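Input: a single structure, listed below in structure tokens.
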Amino acid sequence: ELGDYAWYSANSGGKTHPVGQKKPNGLGLYDMSGNVWEWCADWYGKYPSGAQTNPRGPSQGSDRVLRGGSWDFNPVHCRVANRVNNAPGFRISNLGFRLAR
């Protein structure tokens, strides 16, 4: 079913795709998984232990959080809960951001 919702290594043809060509997720949002990693405002760090709802990371740091996987990564990375990190100045073709109002 992932292919119905996300572009990833096995179905992307090695490139990004315009938003909205796949089905929206359960919240009605398009492209939250796959296509491009998305920068998050959170600083990267360990979450508090135990079960958490919308946990907060550290208030400062050197790396920001990236979520969602991308067109050139395996399906396991396309989970919204999956997070990786990189320095705020890092740039690459499989990385973007989402504007929200």
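In what follows, every heavy atom counts, from backbone to side chain, and hydrogens, waters and symmetry copies are set aside. What you see is a predicted model; the values in this text were computed from it and never measured.
Closest heavy-atom contact between Ala6 and Ser33: CB-O, 3.2 Å. Between Tyr8 and Pro75, the shortest heavy-atom contact is CE1-CG, 3.4 Å. Heavy-atom minimum distance, Tyr30 versus Val19: CB-CG1, 4.2 Å.
Hydrophobic clustering (ILVMFWY, side-chain heavy atoms < 4.5 Å, transitive): Val65 and Leu99 are in distinct clusters. Put simply, Phe73 and Phe97 are part of the same group of oily side chains (I, L, V, M, F, W, Y) that touch within less than 4.5 Å, one to the next.
Expressed to the nearest 0.5 Å, how far CG of Asp31 lies from CD of Glu38 amounts to 8.0 Å. For the atom pair CH2 (Trp7) and SG (Cys78), the distance works out to 12.0 Å, reported to the nearest 0.5 Å. Atom CG of Asn11 is separated from atom CH2 of Trp71 by 12.5 Å, given to the nearest 0.5 angstrom.
At least one donor-acceptor pair closer than 3.5 Å links the side chain of Asn25 to the backbone N or O of Leu27. Lys22 contributes a side-chain N or O that, together with a main-chain N or O of Gly3, makes up a donor-acceptor pair within less than 3.5 Å.
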Show me the donor-acceptor pairs, under 3.5 Å and distance only, between side chains in residues 47-58 and residues at least two apart or in other chains.
from  : atom 1 : to    : atom 2 : distance (Å)
Tyr47 : OH     : Arg67 : NH2    : 2.8
Gln52 : NE2    : Ser49 : O      : 3.4

Just list the side-chain donor-acceptor pairs under 3.5 Å for residues 80-95, sequence neighbours left out, or say none.
from  : atom 1 : to    : atom 2 : distance (Å)
Asn82 : ND2    : His77 : O      : 3.4
Arg83 : NH1    : Gly45 : O      : 3.4
Arg83 : NH2    : Gly45 : O      : 2.5
Asn85 : ND2    : Asp63 : OD2    : 2.5
Arg91 : NH1    : Pro88 : O      : 2.9
Arg91 : NH1    : Gly89 : O      : 3.4
Asn94 : ND2    : Ser70 : OG     : 3.3
Asn94 : ND2    : Asp72 : OD1    : 2.9
Asn94 : ND2    : Asp72 : OD2    : 3.4

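Considering only residues two or more places apart in sequence or on other chains, Lys23 meets the side-chain contact (heavy atoms from CB on, under 4.5 Å) condition with Asp4, Tyr5.
Counting heavy atoms from C-beta on, the side chains of Trp43 and Arg64 come closer than 4.5 Å.
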